[in-house]
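Only one structure is covered here, and it is reproduced in the block below.
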Amino acid sequence: MNDKDKKTTSDNEVLDGSDQFAVRQAKLNGLCDSGNDPFAANWEQSHVSKEAIELLGEDEETGSDVSVAGRIVAFRLMGKAAFLKLLDRQGKIQAYVRRDEIGDDEYAAFKKLDLGDFIGVRGPLFRTKTGEVTVRAKEYRLVSKSLRPLPEKWHGLSDNDQIYRQRYLDLVVNEESRERFKSRSRIIREIREFMWERDFIEVETPMLQSVSGGAAARPFRTHFNALDCDFNLRIALELHLKRMLVGGFDRVFEVGRVFRNEGLSRRHNPEFTMLEAYQAYSDYRGMMELTRSLIQQVAERALGSLQVERPEGEVIDLSGNWREAKYKDLIIDAVGIDDWFELPKAEKLKKTKAMGIEVDPELEDFEVTNDVFEKVIEHTLVQPTFVTHIPKELCPLAKITQSDPSTIDVFELCINGQEIAPAYSEQNNPAVQRESFLKQVGEETQELDEDFLLALEHGMPPAGGMGMGIDRLVIFLTKAANIRDTILFPTLRPL
RNA sequence: GGGUCGGUAGCUCAAUCGGUAGAGCAGUGGCCUUUUAAGCCAUUGGUUCCGGGUUCGAGUCCCGGCCGGCCUACCA
């Protein structure tokens, strides 16, 4: 195509090193010409890095033969010998290669390896002067050539755009990121373990839905050619999991992706992972115990600690029982007015303005109050807090509190200044459910899910239900600053 | 969507008031058989995100666009 690319076709041409792709391509071509296609190679691994390192006892200087493999992430050549670091799924292991041990020809080829290449190394373990367990190579093999240079070894990759668009590079060079995604996987595994231990069954429900309900969010729309009809991507798991309760699966959960057609922010990605769990014959109090135990067990098993230090230094303490606070009490405390809930909307607006909060005057009365919660209170709830007795207008899928008909049987768990998990005593009266759906349909661009109401009319056991934003859980458990740091491939504008 | 800050070598970053675009790492050539961001010598590499404009002269100033960070808006 251009002059630089022409270089790659000729080994005889002198490469000045200015085009690293061309240099590497030429090395690869040279190998292929001599009958060694590295992409055709494989390698028998006897140990992964961490296992191999642990083979050598504290007081041992040398050990048995191992065979390891990985990507070269450090290469220190010192004339007739070299040290290199191989990165595999468990971490890094050092290898030591000497010309007098692998032979002159092999060593000449070895010197042409590049950072980023995958190789296998076989030989005995030994301990270096500084005590690092190292594989002394009797044999090595290039098993895959890397044609492009890795990001800088010390600073890693810091350009956000590139970190998200080329996550694989971030994972190779940034250990913090690598560890965070291992933690995420472990957290989700421990969530499943916990639910199984509690006798829940994991199910999978449709992502493509003709009516998307269970939350008030705008859906993504798509088209199904075979039936020539439009579908929505799901915005919640709720309505299908409740159908499972109707069907007699009285403890069910699902961990899955939901999609909401909303903006991006530090806390929002349009596709994110939810856990929803429904337990028949329980209620929101039961879900409170379940949710607390779940997070405690997951933190204990996945991280080994119930204390999580925030980047700012404050320690989130997950141990013991957690604080409970009534929504109304938190509001009254924040605004400093005992009869806040009796004030007309105009007075509330005056007060919020005096507090320096911008509130849209078109909002409903309860929405003004909820703005106070979201803008003033939520970010202060760093230690785990169950917010209870939430106004009924905010949750159309829950039961009314017997002792206070203005509120519903629900909690909203806040940790790290964010909503993590709401839970309800689920509404199972089909008539009441229809009524609150109809109200919602009137207010928003929601459609009525008649199929779900039909299911309810067949009878759903009383149940507690809980939904948890897994990404937000991972944010605070792994000390991430941004939801995008917890999602391998976050949604980005296509280039 | 709005505000704001940014985009310079493969990567991490400099570049004074508008005056020859630099460094470290990586690469290339050489020395070096226990290194730890290995070291030493030499050296290649630039559409300064893109397109216009002002100017004798633009990485720098102006306008438009693209992409992103942060804040904000939408958000059970």
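Just the heavy atoms: all of them, side chains too, but no hydrogens, waters or symmetry mates, feed the values below. Below, chains carry the letters A, B, ... as their sequence lines are ordered, and counting in each starts from 1.
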Residues in ring-ring contact (aromatic ring centres under 6.0 Å, His included) contact with A/Trp340, at least two apart in sequence or another chain: none

Sugar-phosphate, base or nothing in reach of A/Asn269, heavy atoms under 4.0 Å: nothing

Touch class at under 4.0 angstrom, heavy-atom based, for A/Lys92 against every strand present: nothing

Touch class at under 4.0 angstrom, heavy-atom based, for A/Gly467 against every strand present: nothing

Distance-only donor-acceptor test (3.5 Å): side chain A/His155, base B/rC11: no

Side-chain donor-acceptor contact under 3.5 Å, A/Gln427 with A/Ser436: no

Sugar-phosphate, base or nothing in reach of A/Leu77, heavy atoms under 4.0 Å: base

Sequence-distant partners of A/Tyr96, ring-ring contact (aromatic ring centres under 6.0 Å, His included), two or more places apart: A/Phe83, A/Phe126

Measure all distances between protein nitrogen or oxygen atoms and nitrogen or oxygen atoms of nucleotides 34-36 of chain B, and list the pairs falling under 3.5 Å.
{"unit_1": "B/rU34", "atom_1": "O2'", "unit_2": "A/Lys129", "atom_2": "NZ", "d": "3.0"}
{"unit_1": "B/rU34", "atom_1": "O2", "unit_2": "A/Lys129", "atom_2": "N", "d": "2.9"}
{"unit_1": "B/rU34", "atom_1": "O4", "unit_2": "A/Arg136", "atom_2": "NH1", "d": "3.3"}
{"unit_1": "B/rU35", "atom_1": "OP1", "unit_2": "A/Lys129", "atom_2": "NZ", "d": "3.2"}
{"unit_1": "B/rU35", "atom_1": "O2'", "unit_2": "A/Arg76", "atom_2": "NE", "d": "3.3"}
{"unit_1": "B/rU35", "atom_1": "O2", "unit_2": "A/Arg76", "atom_2": "NE", "d": "2.9"}
{"unit_1": "B/rU35", "atom_1": "O2", "unit_2": "A/Arg76", "atom_2": "NH2", "d": "3.1"}
{"unit_1": "B/rU35", "atom_1": "O2", "unit_2": "A/Gln94", "atom_2": "OE1", "d": "3.4"}
{"unit_1": "B/rU35", "atom_1": "N3", "unit_2": "A/Gln94", "atom_2": "OE1", "d": "3.0"}
{"unit_1": "B/rU35", "atom_1": "N3", "unit_2": "A/Gln94", "atom_2": "NE2", "d": "3.0"}
{"unit_1": "B/rU35", "atom_1": "O4", "unit_2": "A/Gln94", "atom_2": "NE2", "d": "2.6"}
{"unit_1": "B/rU35", "atom_1": "O4", "unit_2": "A/Thr128", "atom_2": "OG1", "d": "3.0"}
{"unit_1": "B/rU36", "atom_1": "O2", "unit_2": "A/Lys85", "atom_2": "NZ", "d": "3.2"}
{"unit_1": "B/rU36", "atom_1": "O2", "unit_2": "A/Glu132", "atom_2": "OE1", "d": "3.2"}
{"unit_1": "B/rU36", "atom_1": "N3", "unit_2": "A/Glu132", "atom_2": "OE1", "d": "2.9"}
{"unit_1": "B/rU36", "atom_1": "O4", "unit_2": "A/Thr128", "atom_2": "OG1", "d": "3.2"}
{"unit_1": "B/rU36", "atom_1": "O4", "unit_2": "A/Thr130", "atom_2": "OG1", "d": "2.0"}

Donor-acceptor pair between A/Gln25 and A/Asn29 side chains, under 3.5 angstrom: yes

Touch class at under 4.0 angstrom, heavy-atom based, for A/Ile390 against every strand present: nothing

Residue whose closest nucleotide on RNA chain B lies nearer the 5' end, A/Leu115 versus A/Arg99: A/Leu115

Distance below 4.0 Å between A/Lys153 side-chain N/O and B/rA38 OP1 or OP2: yes

Non-hydrogen atoms of A/Val382 and A/Arg310 that approach each other most closely: CG2-NH1, 3.5 Å

A/Asp159 or A/Arg267, whichever maps to the more 5' nucleotide of RNA chain B: A/Asp159

Short side-chain donor-acceptor distance under 3.5 Å, A/Thr401 and A/Asp409: yes

Side-chain donor/acceptor contact of A/Gln20 with base of B/rA26 under 3.5 Å: yes

Under 4.0 angstrom between A/Ser158 side-chain N/O and B/rU12 OP1 or OP2: yes

